[in-house]
Amino acid sequence: MHETDFKFLQELVETPSPTGWEKPAATVLRARLEGIADEVAVDRLGSVHALLRGSDPQAPSVALAGHIDEIGLIATYVTPEGFISFAALGGVDAAILPGLRVDVHTDEGPLLGVLGRKPIHLIEADERKTVTPLEKLFIDVGLSADEVKKRVKVGDPITVHVGLERFGEDLVVSRALDDKMGAWIAARVLEEIKAAGGAKSDYWCVGSVQEEIGMRGGATSAYALDPDIFIAIEVCHATDYPDIDKRSHGEQIVGGGPVFGRGPNINHAVLARLEQAADALELNYQLGVEPRATGTDANPAQLARGGKVTALVSIADRYMHTPTEVVSLVDMENCVQILTRFILDLDADADFSV
Ligand SMILES: [Zn+2]
């Protein structure tokens, strides 16, 4: 991966954008695509829409969407002693929180805090075996109660204070790869189409918001942009580490290539064309089974207006929704190449009828 592309990924992932407060990440995505895309706009919810016009109005238009929100926490109460209670923004696992450092995003900027936990010596034997529920956890920002009450407002969003690092051979580890990595892929595809001289199809790179609390930006973007094809770019569960049952969750390997979803939420012809694009490039891909409506932007997109042609392309991610998500940079790069090829191959004759 080129260093500038890596830096773009790092900036996008590290810039805090808890669900509902995505503007800082939207700004990073806009800055990257302004001057390259024909149009860049932000809608009322905060989703980024970057358009690269195609040469043939009859060719099917395509949107690739990665969501730019990340899971986080939200301050709900300051105790008389000055500790902050909080609720979850999205699917947060209370088991991994104790001991973490966090940023409380106040009006005056981020405030470093820690998730306090009693030392092991002071925890009763039976308490050690249980997960402390979210509402019993608290954030310590190291200030007096008066100072905390002055600086922290209930409703201030909170993110985990950890960045992105290279890991192993071609891997990265970070919080929030879900799914700013998807927005990175959608942006890189726009750049690659442009570098290839353009496509016949209109192409939108979508950085959607509020996916983690119900795929809300994906719903409004699919409706407003009205593309013929809407593909969600996401992370999926890698199942290549101990104690994951492949009989229940299938086989998705980090480094095994992008994962193409297969199931009722995915158009068969789009999947076939994705497979053809990967084969033509001699790049590996994997299949991931999605027996139900997926928990991705492809779900509301499929039901937008009178129904849309949708697909799901994912990158295998170990430890999703933890501060140590792990994905492969090679999987991401190959995903960009396959999706670019898929879009360049579209023309007015493309048929997605089922
Ligand atoms: Zn996601």
Side-chain angles (χ1 to χ4, degrees), residues 9 12-22 24-26 28-29 45-48 63-73 88-93 96 157 159-160 162 164 172-189 205-222 230-239 249-250 252 254 258-261 263 265-266 286 288-290 292-302 310-328 331-332 335-336 339:
L9 174 68
L12 193 55
V13 170
E14 290 187 348
T15 299
S17 57
T19 300
W21 282 265
E22 295 91 347
V28 173
L29 185 57
L45 272 71
S47 297
V48 176
L64 296 187
H67 66 86
I68 55 172
D69 61 315
E70 60 177 294
I71 58 166
L73 307 170
L89 281 175
V92 173
D93 179 0
I96 54 115
T159 50
V160 177
V162 63
L164 181 140
V172 281
V173 56
S174 183
R175 70 169 221 278
L177 285 162
D178 175 8
D179 180 41
K180 289 186 267 185
M181 170 229 69
W184 180 93
I185 289 172
R188 288 282 302 115
V189 168
C205 160
V206 177
S208 56
V209 296
Q210 301 198 18
E211 191 276 346
E212 296 289 1
I213 56 158
M215 304 159 292
R216 293 151 62 83
T220 51
S221 292
F230 184 106
I231 303 179
I233 315 299
E234 263 285 6
V235 289
C236 67
H237 298 296
T239 59
H249 306 292
Q252 289 83 233
V254 172
V259 180
F260 302 156
N265 197 171
I266 287 96
Q286 313 177 72
V289 178
E290 301 288 346
R292 289 169 285 278
T294 63
T296 74
D297 285 339
N299 175 352
Q302 191 179 30
T310 51
L312 171 61
V313 174
S314 307
I315 299 297
D317 179 10
R318 290 186 196 142
Y319 328 125
M320 195 190 296
H321 284 205
T322 75
T324 53
E325 297 189 359
V326 172
V327 301
S328 157
D331 284 348
M332 291 169 59
C335 190
V336 169
L339 288 165

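In listed order, ligands and their atoms are each counted from 1.
- Within 6.0 Å of NE2 on H321 lie more than 12 heavy atoms contributed by other residues, nucleotides or ligands.
- A316 and V327 make their closest contact through O-CG1, 3.7 Å (heavy atoms, listed as atom of the first residue, atom of the second, distance).
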Q: Evaluate side-chain contact (heavy atoms from CB on, under 4.5 Å) for V173 paired with L164, printing each intermediate quantity in order.
A: CA-CA 6 Å; V173 56; L164 181 140; over 6 Å; no
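- Of all the N, O or S atoms in H67, the one closest to the Zn ion (ligand 1) is NE2.
- For a distance bound of 2.8 Å, the N, O or S atoms of E212 include none lying that close to the Zn ion (ligand 1).
- At a threshold of 2.8 Å, the Zn ion (ligand 1) has a backbone or side-chain N, O or S atom of D178 nearer than that distance.
- Side chains of S17 and D69: a donor-acceptor N/O pair is absent below 3.5 angstrom, by distance only.
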